[in-house]
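Just below is one structure, and these are the notes that go with it.
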Amino acid sequence: MNILNLIRWKNLLMIAVVQLLVKYALFPAFAIDTTLGSLNFFLLILSTVCIAAGGYIINDIYDLETDAVNKPNKVIVGKKITESTANKLYVIFTFVGVCLGFYLSHQVARPPFFGLFVIIAAALYVYASYLKQIAVAGNIIVSLLVAISLLIVGVFELIPATTIQNESIQSTMLEVLTDFGVFAFLINFIREIVKDIQDVDGDHKAGMQTLPILFGKSRTSKITMVLTLITIVIIVYYITTFLYMHVEAIAYFLIAVVGPLIYIAIKMFTAESNAHFKHISFILKMVMISGMLSMLLYRLIL
């Protein structure tokens with residue numbers, strides 16, 4: 001159980017479910033051509049999850065000092081699992097994930113795709129060891145990696161199956177998947193800043209330069225509120241431009257995504273305590289889930 005908590009099994013499960021939604025809900029709605037069979041798609045999920053698990057482990061290893069202040073009751077490395085064991089687990093998970101990426105890249109006859117797995121694994125290490133300490137840079141990197149966990153399905157499923165005859169529909173599908181990737185990036189970016197506000201005490205003690213440390217909690221919460229409002233505008237523009245003929249889709253996005261984001265923007269304006277920011281972070285996570293579940297709508301409206 002300690003290892004499951006160390007690798008954030010709930011987050012890994014969410015990554016797997018989202019990739020399954022892309023494959024078995026979003027793609028069939030557009031009747032596009034795909035590349036991977038069930039076994040190889042499972043291996044793609046396993047590769048993504050393993051690399052992400054390695055990222056969580058190395059992050060905890062480098063966060064020992066800050067976690068001791070911010071969440072002493074949740075510290076695993078050094079208390080329930082030795083740092084040496086954690087390092088070994090990091091190497092194992094990352095190695096397995098990258099090796100599976102190498103295998104899959106050759107299975108779809110696109111060896112250069114292997115570089116994606118190497119870059120992602122390296123980026124997670126650089127984020128944990130260095131970029132996390134730099135304001136905004138770390139938030140951007142980890143949010144990009146969340147978006148890539150979606151887009152990598154399109155890279156392996158759509159690009160190798162693209163021909164002159166189906167290029168138009170394949171490109172359209174890739175654009176839709178990119179839209180979901182942008183949504184995932186924005187929501188996760190906002191959530192990362194909110195988490196930085198929660199962790200400001202431990203981060204300050206560790207000498208980090210996050211936004212709340214540079215600008216203060218109050219100003220950073222206002223910045224986050226503005227980012228939330230911008231995200232709302234982008235989502236409203238999307239649904240009014242591309243989904244205006246589908247009332248059920250508009251209703252879903254307004255109730256399950258836009259509504260909670262408006263609530264978050266209001267709460268960010270008044271939030272002061274860590275409990276407030278923890279609540280906002282939870283709601284953002286729910287918005288991410290409801291946004292990804294909207295892929296099921298395409299089976300109904302197309």
Quick one, [X] and [Y] - any side-chain contact, counting heavy atoms below 4.5 Å?
| X | Y | answer |
| --- | --- | --- |
| M295 | V22 | yes |
| L6 | Y56 | no |
| F156 | S105 | yes |
| Q19 | I152 | yes |
| S84 | K88 | yes |
| L254 | I250 | yes |
| L261 | L284 | yes |
| N59 | Y127 | yes |

Which pair of heavy atoms, one from [X] and one from [Y], lies closest together, and at what distance?
| X | Y | answer |
| --- | --- | --- |
| P160 | V155 | CD-O, 3.2 Å |
| N166 | A161 | ND2-O, 3.0 Å |
| N40 | L104 | O-CD2, 3.4 Å |
| L243 | A249 | CD1-CB, 4.3 Å |
| A16 | V49 | CB-CG2, 4.4 Å |
| G97 | S47 | O-OG, 2.7 Å |

**Study point:** Test: K195 cationic atom under 6.0 Å from F277 six-membered ring centre, within 45° of axis
**Key:** no
[X] and side-chain contact (heavy atoms from CB on, under 4.5 Å): which single residue from [options] fits?
| X | options | result |
| --- | --- | --- |
| L26 | L296, V176, L21, L297 | V176 |
| I193 | V136, N188, N139 | N139 |
| I232 | V236, I235, I230 | V236 |

Hey, could you give me the [atom1]/[atom2] distance between [X] and [Y], rounded to the nearest 0.5 Å?
| X | Y | atom1 | atom2 | answer |
| --- | --- | --- | --- | --- |
| L186 | I234 | CG | CD1 | 5.0 Å |
| L145 | I15 | CG | CD1 | 10.0 Å |
| I81 | N87 | CD1 | CG | 11.5 Å |
| I76 | L4 | CD1 | CG | 9.5 Å |
| N274 | I197 | CG | CD1 | 9.5 Å |
| K80 | I3 | NZ | CD1 | 13.0 Å |

Exercise for review: Please identify each residue that fulfils side-chain contact (heavy atoms from CB on, under 4.5 Å) with F102, with sequence neighbours left out.
Suggested key: H106, F114
I'd like to know if the side chain of [X] and the backbone of [Y] have a donor-acceptor N/O pair within less than 3.5 Å.
| X | Y | result |
| --- | --- | --- |
| E157 | T35 | yes |
| S221 | S218 | yes |
| K23 | L36 | yes |
| T241 | Y238 | no |
| S171 | E167 | yes |
| E192 | I140 | no |
| T240 | Y237 | yes |
| S290 | A256 | yes |

Practice item. Examine the side chains of K285 and N11 and answer whether a donor and an acceptor come within less than 3.5 Å of each other. Key: yes
Check your understanding: Side-chain donor-acceptor pair under 3.5 Å between T82 and T85, yes or no?
Key -> yes
In terms of heavy-atom contacts, does [atom1] of [X] have more than 12 from other residues, nucleotides or ligands at under 6.0 Å?
| X | atom1 | answer |
| --- | --- | --- |
| L46 | CG | yes |
| Y24 | OH | yes |
| F242 | CZ | yes |
| Y130 | OH | no |

Tell me whether [X] shares a hydrophobic cluster with [Y], the cluster being built from Ile, Leu, Val, Met, Phe, Trp, Tyr side chains joined at under 4.5 Å.
| X | Y | answer |
| --- | --- | --- |
| L12 | F95 | no |
| I159 | L116 | yes |
| L13 | L44 | yes |
| M292 | I255 | no |
| I119 | Y103 | no |

Point to revise | Working for side-chain contact (heavy atoms from CB on, under 4.5 Å), residues F189 and L227 | key: CA-CA 9 Å; F189 182 64; L227 290 173; 3.7 Å; yes
Practice item. Would you sort out whether H279 and Y263 count as a ring pair (Phe, Tyr, Trp, His ring centres under 6.0 Å), showing the intermediate values? Key: CA-CA 11 Å; H279 172 67; Y263 170 78; 5.8 Å; yes
Point to revise | Residue among F27, F30, Y252 satisfying ring-ring contact (aromatic ring centres under 6.0 Å, His included) with Y298 | key: F30
Review point. Would V153 and L158 satisfy side-chain contact (heavy atoms from CB on, under 4.5 Å), going step by step from the backbone distance to the final call?
Key: CA-CA 8 Å; V153 178; L158 301 177; over 6 Å; no
Exercise for review: Just do the side-chain contact (heavy atoms from CB on, under 4.5 Å) check on Y62 and I58 with the steps written out, would you?
Suggested key: CA-CA 6 Å; Y62 277 96; I58 197 66; 3.8 Å; yes
Check your understanding: Between R191 and D196, does at least one N-O distance fall below 4.0 Å, as a salt bridge requires?
Key -> no
